[in-house]
Amino acid sequence: MIIDQVKKNYIPRHVAVIMDGNGRWAELHGNDRIYGHRQGVESVRSVVEGAGELGIEFLTLYAFSTENWCRPKEEVDALMSLLVDAIVREVANLNEKNVKMNVIGNIDSFPHEVQLKLKEAIYSTSSNTGLNLILALSYSGRWDILQATRQIIRKALAGEITEEQLDEPFFIDHLSTSVVPDPELLIRTSGEYRISNFLLWQSAYSEFYFTSIFWPDFRKENLFEAIVDFQGRERRFGKTSEQIRS
Ligand code: FPP
């Protein structure tokens, strides 16, 4: 079994996923796009379970990008209610699996009702100590960098920081992922080779794994395959092989 090939002493702490291909999968099955998104929730369930089984600490899923607001209104509305329904329905399951849910993104841009449901789910799972499931909602990497910059400008204008104090750790403290390590592995499904404004700052040294599988067909076994692939790579962080091995 593929899980037996995963080295248990070298599990990435943080895996991030661009869940792509729901629409094309639905089309392939002669159905509407929302059918693909609905099926995608099954994949989320399987991958969350698999991440928990491996002891991954953080799993970030790109569930709704800033740009997704530009989709036809019917699709945005359908995605929104699907998200809320899935989250509400899954809370008991998350608690049972000791999963702590969190959200990154411009949550203020969501309808009040959606915000409320998200906050309830976050609160309800807040004392869990297993996998940290982070949903990127109304998220984009550029938005994150801008919101961090705005906070820092406000502090500078208030005289709370000097130019010299602005270094990488200080900047990271203001990103929405401030308490989360950078993802070692970033997976994108559906055969597209793009980062699509996801974790731009945070993925500076991530290993990318692309698969042609559409998200609704992706299961935890595919996550294990990605991790086996990741474990076979040499991460050099700008150094030479020799430096890494010594
Ligand atoms: C990309 O496929 C997928 C999305 C924009 C939405 C992803 C959301 C889910 C799978 C639901 C998540 C639910 C929870 C509980 C986190 P696409 O529509 O861009 O597909 P296409 O590229 O084939 O058109």
Side-chain angles (χ1 to χ4, degrees), residues 1-22 25 40 42-63 65 97-102 104 129-136 139-141 144 168 172 175-246:
M1 282 208 315
I2 183 74
I3 192 165
D4 300 325
Q5 293 175 38
V6 177
K7 293 181 204 128
K8 306 299 178 303
N9 58 353
Y10 184 41
I11 301 291
R13 291 187 68 196
H14 183 183
V15 175
V17 187
I18 301 177
M19 311 182 285
D20 196 15
N22 293 353
W25 182 90
E42 293 302 318
S43 311
V44 170
R45 191 179 293 125
S46 175
V47 166
V48 167
E49 197 177 286
E53 284 167 23
L54 290 186
I56 289 170
E57 287 177 62
F58 300 92
L59 175 70
T60 301
L61 302 178
Y62 205 10
S65 73
K97 298 216 159 67
N98 198 20
V99 176
K100 183 173 178 168
M101 195 192 101
N102 240 310
I104 53 171
T129 54
L131 172 72
N132 289 280
L133 170 65
I134 303 167
L135 300 182
Y139 180 87
S140 77
D144 203 359
E168 284 195 18
I172 289 167
L175 289 168
S176 62
T177 50
S178 59
V179 294
V180 180
D182 287 345
E184 292 97 325
L185 174 62
L186 195 152
I187 298 171
R188 181 172 190 147
T189 60
S190 93
E192 305 285 357
Y193 302 89
R194 287 189 293 276
I195 189 158
S196 296
N197 212 352
F198 192 24
L199 298 164
L200 296 181
W201 173 288
Q202 299 86 339
S203 63
Y205 283 101
S206 300
E207 293 294 328
F208 287 79
Y209 179 87
F210 298 103
T211 169
S212 57
I213 300 173
F214 289 141
W215 179 250
D217 283 332
F218 197 89
R219 289 294 177 272
K220 62 181 171 183
E221 289 74 18
N222 304 111
L223 170 71
F224 301 156
E225 276 163 11
I227 290 172
V228 169
D229 186 280
F230 163 83
Q231 291 180 331
R233 300 186 193 183
E234 180 183 71
R235 306 188 71 212
R236 291 196 294 275
F237 301 96
K239 296 183 180 170
T240 66
S241 275
E242 264 183 357
Q243 285 175 303
I244 297 297
R245 287 174 194 164
S246 65

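Contact detail for Ala136 and Thr60: the closest heavy-atom pair is CB-CG2, 4.5 Å. Contact between Ser43 and Arg219 at its shortest, heavy atoms only, is OG-NH1, 2.9 Å. The shortest heavy-atom contact between Asp229 and Arg233 is OD1-NH2, 2.8 Å. Between Ile195 and Leu199, the shortest heavy-atom distance links the atoms CD1-O, 4.4 Å.
Residues Phe198 and Ser65 form no side-chain contact, since every pair of their non-hydrogen atoms from C-beta on lies 4.5 Å or further apart. Using a 4.5 Å cut-off on side-chain heavy atoms (C-beta onward), Val17 and Tyr62 make no contact. Between Leu54 and Ile227, the closest side-chain pair of non-hydrogen atoms falls below 4.5 Å. Counting only heavy atoms from C-beta outward, the side chains of Ile134 and Leu61 never approach each other to under 4.5 Å. A 4.5 Å side-chain heavy-atom check between Ile56 and Leu131 finds at least one atom pair inside the cut-off. Looking at heavy atoms from C-beta onward, Phe58 lies in side-chain contact with Pro181 at the 4.5 angstrom threshold. In this structure, Trp201 and Glu168 have side chains that are in contact, with non-hydrogen atoms separated by less than 4.5 Å. Within the 4.5 Å cutoff, the side chain of Phe218 has heavy atoms near those of the Leu223 side chain.
Inspection of the Tyr205 and Asp182 side chains reveals no N or O donor paired with an N or O acceptor under 3.5 Å. Checked by atom type, the side-chain pair Trp25/Asp217 shows a donor-acceptor distance below 3.5 Å.
In Tyr10, the OH atom is crowded: over 12 heavy atoms of neighbouring residues, nucleotides or ligands sit closer than 6.0 Å. Within a 6.0 Å sphere centred on CD of Glu234, other residues, nucleotides and ligands contribute more than 12 heavy atoms. Counted within 6.0 Å of NZ on Lys239, heavy atoms from surrounding residues, nucleotides or ligands total 12 or fewer; the atom is thus considered open.
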Enumerate, atom names and distances included, each donor-acceptor pair closer than 3.5 Å involving a side-chain atom of residues 208-215, sequence neighbours excluded.
from: Thr211; atom 1: OG1; to: Ile213; atom 2: N; distance (Å): 3.2
from: Trp215; atom 1: NE1; to: Gly40; atom 2: O; distance (Å): 3.0

Distance-only criterion, 3.5 Å: show the donor-acceptor pairs between side-chain atoms of residues 183-190 and protein atoms not counting sequence neighbours.
from: Glu184; atom 1: OE1; to: Arg13; atom 2: N; distance (Å): 3.3
from: Glu184; atom 1: OE1; to: His14; atom 2: N; distance (Å): 2.8
from: Glu184; atom 1: OE2; to: Arg13; atom 2: N; distance (Å): 2.9
from: Arg188; atom 1: NH1; to: Arg194; atom 2: O; distance (Å): 2.8
from: Arg188; atom 1: NH1; to: Ser196; atom 2: OG; distance (Å): 2.8
from: Arg188; atom 1: NH2; to: Asp20; atom 2: OD2; distance (Å): 2.9
from: Thr189; atom 1: OG1; to: Asp20; atom 2: N; distance (Å): 2.8
from: Thr189; atom 1: OG1; to: Asp20; atom 2: O; distance (Å): 2.7
from: Ser190; atom 1: OG; to: Asp20; atom 2: OD2; distance (Å): 3.1
from: Ser190; atom 1: OG; to: Arg24; atom 2: NH2; distance (Å): 2.8

Please report the C-alpha distance between Lys8 and Val6 in whole Å, then the side-chain angles of each, then the deciding distance to 0.1 Å, and finally whether the side-chain contact (heavy atoms from CB on, under 4.5 Å) criterion is met. CA-CA 6 Å; Lys8 306 299 178 303; Val6 177; 4.0 Å; yes
Show, in sequence, the C-alpha distance, side-chain angles and deciding distance for Leu133 and Leu135, and conclude whether the side-chain contact (heavy atoms from CB on, under 4.5 Å) test is met. CA-CA 6 Å; Leu133 170 65; Leu135 300 182; 4.2 Å; yes
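The only option from Glu53, Met1, Gln5 that meets the side chain to side chain contact (heavy atoms under 4.5 Å, CB included) definition with Phe224 turns out to be Glu53.
Remark: side-chain polar atoms of Thr240 are paired, donor with acceptor, to backbone N or O of Gln243 under 3.5 angstrom. Listed for the Asp144 side chain is no donor-acceptor partner under 3.5 Å among the backbone atoms of Leu175. Without hydrogens or angle criteria, Asn197 side chain to Ser140 main chain gives no donor-acceptor distance under 3.5 Å.
Rounded to the nearest 0.5 Å, atoms NZ (Lys220) and CZ (Arg45) are 12.0 Å apart.
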